[in-house]
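On a predicted model such as this, the values are computed, not experimentally measured, just so you know.
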Amino acid sequence: MRAWLGYALTGAGLVALLAGLVSWLVGPRDAGSVWWAAGVAYVAQLIAFGALLAGRRERDRFLAVWAGGIAMRLLVVAAGAFWVIRSSALSPAPALLGLAGFLFVLLLLEPLFFLVGRRDG
């Protein structure tokens, strides 16, 4: 639980910082798309990381959960692309690039928290 909470808090801060910076760079017209991408990526990563932590004790289960997390991320990007392109609510380029980018940054953050609170034995 400690690992997930640390990841959630650090990820929230990092995503907020990056989304604010990118929103400032792209301007007010596309800022909503960036914040949408940040929120979707953050929620998806919290689910994937929580499942990974739950399955880290058993090698067979860990590999299945890890592969499922990869598949879930791909599905999130595909579903996001489908929705954004069919909808006129968001700008497609900032939303999809942001979604992929935030997922990647949060994925790189996982190893820092993966072994927190783990007890061998």
Side-chain angles (χ1 to χ4, degrees):
M1 184 64 162
R2 204 172 98 207
W4 188 86
L5 187 58
Y7 178 80
L9 292 174
T10 305
L14 182 61
V15 165
L17 178 69
L18 291 175
L21 177 64
V22 173
S23 292
W24 176 72
L25 290 172
V26 299
R29 180 174 170 227
D30 295 328
S33 299
V34 171
W35 284 100
W36 173 85
V40 170
Y42 179 70
V43 170
Q45 278 297 128
L46 287 181
I47 294 167
F49 186 63
L52 194 64
L53 287 175
R56 71 180 167 185
R57 293 265 184 222
E58 301 170 37
R59 183 172 299 212
D60 293 338
R61 185 173 175 207
F62 174 78
L63 291 174
V65 170
W66 179 76
I70 296 296
M72 185 202 68
R73 290 175 187 97
L74 291 172
L75 285 173
V76 165
V77 172
F82 183 77
W83 182 78
V84 166
I85 289 171
R86 293 184 62 87
S87 164
S88 61
L90 301 172
S91 300
L96 297 178
L97 290 172
L99 183 56
F102 287 120
L103 284 171
F104 182 70
V105 167
L106 288 168
L107 184 64
L108 292 177
L109 191 62
E110 283 183 1
L112 300 175
F113 294 92
F114 187 68
L115 297 177
V116 173
R118 184 176 178 178
R119 293 186 195 139
D120 292 334

Can you tell me how far apart [atom1] ([X]) and [atom2] ([Y]) are? Round to the nearest 0.5 Å.
| X | Y | atom1 | atom2 | result |
| --- | --- | --- | --- | --- |
| Ile70 | Leu75 | CD1 | CG | 11.5 Å |
| Arg61 | Leu63 | CZ | CG | 12.5 Å |
| Leu96 | Phe82 | CG | CZ | 13.0 Å |
| Leu109 | Phe49 | CG | CZ | 8.0 Å |
| Phe113 | Leu9 | CZ | CG | 8.5 Å |

Do the side chain of [X] and the main chain of [Y] share a donor and acceptor less than 3.5 angstrom apart?
| X | Y | result |
| --- | --- | --- |
| Tyr42 | Leu106 | no |
| Arg73 | Gly69 | yes |
| Trp4 | Leu46 | yes |

* Give the intermediate values and the outcome of side chain to side chain contact (heavy atoms under 4.5 Å, CB included) for residues Val40 and Phe102. => CA-CA 9 Å; Val40 170; Phe102 287 120; over 6 Å; no
If hydrophobic clusters are built from ILVMFWY residues whose side chains come within less than 4.5 Å, do [X] and [Y] share one?
| X | Y | answer |
| --- | --- | --- |
| Leu99 | Ile47 | yes |
| Trp66 | Val76 | no |
| Val65 | Phe114 | yes |
| Val105 | Leu25 | no |

I need the minimum non-hydrogen distance between [X] and [Y], along with the two atoms involved.
| X | Y | value |
| --- | --- | --- |
| Trp83 | Ala89 | CH2-CB, 4.2 Å |
| Leu103 | Ala44 | CD2-CB, 4.2 Å |
| Gly98 | Ala37 | C-CB, 3.6 Å |
| Val34 | Ala19 | CG1-O, 3.8 Å |
| Ala38 | Val15 | CB-CG1, 3.5 Å |

* If you look only at pairs with a residue in residues 84-108, which of them pass as a side chain to side chain donor-acceptor pair (under 3.5 Å), with sequence neighbours excluded? ->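 For residues 84-108, and leaving out neighbouring residues, the side chain to side chain donor-acceptor pair (under 3.5 Å) pairs sorted by first residue read Asp30-Ser91.
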* Are the side chains of Leu53 and Tyr7 in touch, meaning some heavy atoms are under 4.5 Å apart? ->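 No, side chains not in contact.
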* To do: May I ask you to check whether over 12 heavy atoms, not counting those of Trp24, lie within 6.0 Å of atom CH2?
  =>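 Not buried by this count: 12 neighbours or fewer within 6.0 Å.
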